[in-house]
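Here is the structure we will look at.
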Amino acid sequence: MDRLSSFLLRRLRHVQRKKIRRLAVRKGLLSMTTTVIDGHVVVCYRPLFDPRHLAGDVERDRQWLQDNLAAFLVEPPSDTASRSGQPDVTPDWPVQIRRGGTAVAVEASTAAYAVRMVAKAGDVPNLKHMAWTG
């Protein structure tokens, strides 16, 4: 893979994870705060779930998030004709996971890891991109 295709794939993954984080904010899995620093908008995400369930093993944590919080990482159906007049429904929280009204107080490194894992858990590889690079 040459440098340009590697850059484009990395950029596509970045855009996809950004989209997943914003979806998680809309569904109530993450909180988002924005700050303007020297004319640049900086976004900070915090988990609204208790990240103590995450063990530090990337694959195991990714699987745990997909098993327990997958409903928060899925786009709502785009067919609005069948859903006209119905409010947007957010999924129910699993009983074993504590959810706070505001961001759960945890260390910055733990919160950053939890946000990164949410983006990775919702990241679905696109077959079109995989076929293009293969």
So, taking the atom named [atom1] in [X] and the one named [atom2] in [Y], what distance separates them when rounded to the nearest 0.5 Å?
| X | Y | atom1 | atom2 | value |
| --- | --- | --- | --- | --- |
| Asp57 | Gln63 | CG | CD | 11.5 Å |
| Arg11 | Ser6 | CZ | OG | 14.0 Å |
| Lys27 | Leu73 | NZ | CG | 9.0 Å |
| Leu54 | Thr110 | CG | OG1 | 9.0 Å |

[X] and [Y]: which non-hydrogen atoms are nearest, and at how many Å?
| X | Y | answer |
| --- | --- | --- |
| Leu65 | Ala121 | CB-CB, 3.7 Å |
| Ile20 | Ala119 | CD1-O, 3.7 Å |
| Val58 | Met117 | O-CE, 3.2 Å |
| Ser31 | Val25 | C-CG2, 4.4 Å |
| Leu30 | Pro47 | CD2-CA, 3.7 Å |
| Leu23 | Phe72 | CG-O, 4.1 Å |

Are [X] and [Y] packed together at the side-chain level, in the sense that at least one heavy-atom pair is separated by less than 4.5 angstrom?
| X | Y | result |
| --- | --- | --- |
| Arg22 | Tyr45 | yes |
| Asn68 | Phe49 | no |
| Leu69 | Val118 | no |

Who are the side-chain contact (heavy atoms from CB on, under 4.5 Å) partners of Arg13, not counting sequence neighbours?
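Arg13 satisfies side-chain contact (heavy atoms from CB on, under 4.5 Å) with Leu9 once adjacent residues are dropped.
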Not counting sequence neighbours, which residues clear side-chain contact (heavy atoms from CB on, under 4.5 Å) with Ala108? List them please.
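Here no residue qualifies.
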Counting N and O atoms only, with roles assigned by atom type, does the side chain of Arg62 sit under 3.5 Å from a partner on the main chain of Lys120, one being a donor and the other an acceptor?
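Yes, Arg62 side chain to Lys120 backbone: donor-acceptor pair under 3.5 Å.
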